Amino acid sequence: MPPSPTPSPTPEPSGVRRRSLLGAAAAAPVLASLAGAGSASAAPAAAAAADRAGGPRALPGGGDLGPNVIVFDPSTANIQGRLDEIFKQQESAQFGTGRYALLFKPGTYSGLNAQLGFYTSIAGLGLSPDDTTINGDVTVDAGWFDGNATQNFWRSAENLALVPVSGTNRWAVSQAAPFRRMHVRGGLNLAPDGYGWASGGYIADSRIDGTVGPYSQQQWYTRDSSVGGWLNAVWNMVFSGVEGAPAQSFPEPPYTTLETTPVSREKPFLYLDGDEYRVFLPEKRTDARGVSWGNGTPRGTSLPLTQFYVAKPADSAATLNQALEEGLHLLLTPGIYHLDRTVEVNRAGTVVLGLGYATLIPDNGVTALKVADVDGVRLAGFLVDAGPVNSATLLEVGPEGASADHSANPTTVQDVFVRIGGAGPGKATTSLVVNSRHTIVDHTWVWRADHGDGVGWETNRADYGVVVNGDDVLITGLFVEHFNKYDVQWNGERGRTVFFQNEKAYDAPDQAAIQNGSIKGYAAYKVGDDVTEHEGWGLGSYCYYNVNPSIVQHHGFAAPNRPGVRFHGLLVVSLGGQGQYECVINDTGSPTSGTDTVPSKVVQYP
């Protein structure tokens with residue numbers, strides 16, 4: 001690893017320690033509307049129609065959030081004790097079944113250190129992060145894994161203001177650990193205690209008054225935020241719409257900086273209006289820069305909880321579909337949902353919001369969730385875990401051939417994560433398929449597991465991670481890893497990706513297993529041969545062929561060589577010389593070299 005281009009007050013770690021490598025080596029805007037969205041008003045009418053027809057009784061909206069949503073207010077006794085109890089249970093439960101959402105009512109809390117383990121989300125219940133202030137810390141560290149943070153997945157912080165005890169909050173995470181709508185009145189340290197390795201990460205719609213210190217973080221994406229400073233870079237740091245971000249300087253230091261984000265719409269979130277729960281739906285922004293909440297109230301619409309079916313893990317897919325058919329949205333409370341049929345989202349404007357990493361498992365080879373070719377669906381905050389019977393797909397946005405124009409009101413997929421294997425046997429030919437035009441995928445980690453249970457080249461077979469067929473799709477914060485063939489295959493026109501992080505599958509047994517016709521290996525990111533317009537910023541692919549280090553990968557990226565297909569800031573890395581790349585994109589870019597974990601970079605292509 002090259003030394004940090006910006007001197008830091010603590011020594012940089014040396015050597016490369018990836019996940020498997022460690023084991024081997026040991027504005028004061030106002031609400032546009034607080035009335036329910038028009039599509040939700042169908043719920044009472046649908047329920048009445050069902051009753052008149054003698055069909056199943058209408059499902060209720062609203063209700064109790066279940067035992068794993070834990071709500072605190074400033075007068076709650078022994079908050080720290082409860083936080084510690086959950087952390088003790090979740091700290092090392094990487095593939096466990098516990099799921100928790102920790103929600104804090106508006107007010108001020110003092111003397112807390114909320115340590116977050118796996119499948120734990122913490123959030124404030126105000127409209128603005130500043131409505132809920134913790135004089136203390138929300139901490140992620142890596143003591144459970146000997147100071148290595150490269151497996152600190154599946155946890156989140158949202159909608160809080162923090163006043164860190166030491167002046168700096170520690171958030172040492174890797175994939176699937178979003179930091180959203182946060183106000184840190186101090187600095188933010190993205191590395192674990194001891195500055196061991198970390199492989200994050202994602203910040204959005206947040207204000208960090210002090211300096212962000214990534215230290216050992218290999219890559220990071222920050223969107224539509226404000227930072228007081230940024231300390232250093234390792235391989236790939238990407239910013240879009242971030243006030244205070246470092247200037248564009250890729251390849252050295254490796255900062256890729258866009259002044260604005262082309263299109264963004266923040267994730268829906270639960271909040272309290274007096275004593276009533278509502279779900280806020282932030283409005284779409286074009287050429288966004290800085291936080292959406294400005295000096296207080298964000299812009300958007302709001303839905304009462306009574307327009308949501310508050311789902312529990314025991315609910316069947318039939319029940320979830322009944323709720324959707326009756327015009328309700330879905331709030332998935334924490335837990336694991338086994339599905340024997342596909343959850344069908346057919347109504348424009350439907351919201352499917354998960355709390356505490358609610359997890360959908362298709363048990364019999366079905367697709368977990370499908371969205372029709374309609375406007376304005378919002379999917380957010382849940383995990384799809386492949387089942388033991390192969391699914392052709394796990395999540396589909398739009399049917400095959402979808403062509404409707406959704407530019408005014410796109411579907412958004414945010415903090416929706418996919419896993420194949422790790423928690424047990426799982427298979428899926430393709431994980432995420434995007435067919436609908438103008439879809440925004442904002443932060444996803446699509447992961448074929450490289451460790452855990454049910455892991456092996458054929459055991460958790462998964463050929464394709466993300467396939468984009470729709471035109472005009474934008475992805476901000478794309479993490480896709482370890483698929484048997486293409487990790488990303490992009491067939492739609494005018495696609496755009498801001499930030500991509502990838503590792504090729506570790507466990508390929510030999511060169512023949514990854515051979516792609518006459519090409520050595522499948523590209524991590526493949527743009528279809530017929531595509532005429534495509535653009536990407538800040539994209540990295542890494543190889544670590546530890547089962548057979550002699551494997552050669554021709555390139556990380558493959559795309560038509562034409563003027564309308566453009567890339568900015570590309571890199572490939574061989575981790576410790578376990579496998580090699582011959583080129584970066586197509587036949588362009590220097591090969592990786594021996595055991596030196598030094599990126600090979602291409603500044604612009606073509």
Side-chain angles (χ1 to χ4, degrees), residues 36-53 55-61 265 268 279 281 284 301 303 306-311 315-332 337 339-354 358 360 362 364-382 384 391-414 416 418 430-441 467-471 473:
S39 60
S41 64
D51 285 342
R52 288 194 301 271
R57 186 171 180 82
L59 293 168
R265 189 173 68 189
V279 173
L281 309 179
K284 185 186 76 169
T301 58
L303 297 172
T306 53
Q307 292 186 7
F308 284 77
Y309 178 68
V310 180
D315 284 329
S316 67
T319 299
L320 301 181
N321 281 328
Q322 180 186 342
L324 291 168
E325 290 164 4
E326 292 176 358
L328 293 168
H329 306 272
L330 293 181
L331 185 73
L332 304 173
Y337 297 72
L339 306 175
D340 63 353
R341 67 189 72 177
T342 300
V343 176
E344 303 272 1
V345 178
N346 295 319
R347 189 180 74 257
T350 300
V351 179
V352 180
L353 176 62
L360 307 179
N364 54 356
V366 299
T367 298
L369 190 146
K370 292 183 179 181
V371 179
D373 193 23
V374 294
D375 271 351
V377 171
R378 303 184 195 225
L379 309 179
F382 57 89
V384 179
S391 293
T393 61
L394 292 173
L395 176 61
E396 295 182 20
V397 180
E400 184 177 351
S403 60
D405 186 324
H406 304 296
S407 55
N409 190 7
T411 284
T412 46
V413 181
Q414 299 175 285
V416 173
V418 178
T430 304
S431 291
L432 169 61
V433 180
V434 180
N435 292 317
S436 286
R437 294 180 61 195
H438 303 102
T439 298
I440 300 171
V441 179
V467 174
V468 179
N469 297 316
D471 294 340
V473 170

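For clarity, every value in this text was computed on a predicted model and none was experimentally measured. Note: hydrogens, waters and symmetry copies are ignored here, and every other heavy atom, side chains too, is used.
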**Asked** Listed by chain and number, what are the side-chain hydrogen bond (donor to acceptor under 3.5 Å, both in side chains) partners of Thr367, not counting sequence neighbours?
**Response** Thr393
**Counterpart residues, side-chain contact (heavy atoms from CB on, under 4.5 Å), relative to Ala323 (two or more places apart)** = Leu59, Tyr309, Leu328, Leu330
**Complete:** Residues passing the ring pair (Phe, Tyr, Trp, His ring centres under 6.0 Å) test with Phe308, sequence neighbours excluded, are His329
**Request:** Taking the side chain as every heavy atom from C-beta outward, state whether Leu320 and Leu339 have any atom pair closer than 4.5 Å.
**Result:** yes
**Request:** Flag the pair Asn321 / Arg341 as yes when at least one side-chain heavy-atom distance between them is below 4.5 Å, and no otherwise.
**Result:** yes
**Message:** Among residues at least two apart in sequence or on other chains, which ones pass side-chain contact (heavy atoms from CB on, under 4.5 Å) with Ala392?
**Reply:** none
**Prompt:** Can you list the residues that meet the side-chain hydrogen bond (donor to acceptor under 3.5 Å, both in side chains) rule with Asp405, with sequence neighbours excluded?
**Reply:** Ser407
**Whether Asp375 side chain and Ala348 backbone form a donor-acceptor pair below 3.5 Å** = no
**Asked** Quick one: side-chain hydrogen bond (donor to acceptor under 3.5 Å, both in side chains) partners of Thr439, sequence neighbours excluded?
**Response** none
**Prompt:** Partners of Asp471 by side-chain contact (heavy atoms from CB on, under 4.5 Å), sequence neighbours excluded?
**Reply:** Arg437, Glu493, Arg494
**Request:** Check side-chain contact (heavy atoms from CB on, under 4.5 Å) between Asp373 and all other residues, then give those that pass, not counting sequence neighbours.
**Result:** Pro399, Ala402, Ala404, His406, Ser436
**Test side-chain hydrogen bond (donor to acceptor under 3.5 Å, both in side chains) applied to Asn364 - qualifying residues, sequence neighbours left out** = none
**Message:** Using a 3.5 Å distance criterion without hydrogens, assess whether the side chain of Gln414 forms a donor-acceptor pair with backbone atoms of Arg265.
**Reply:** yes
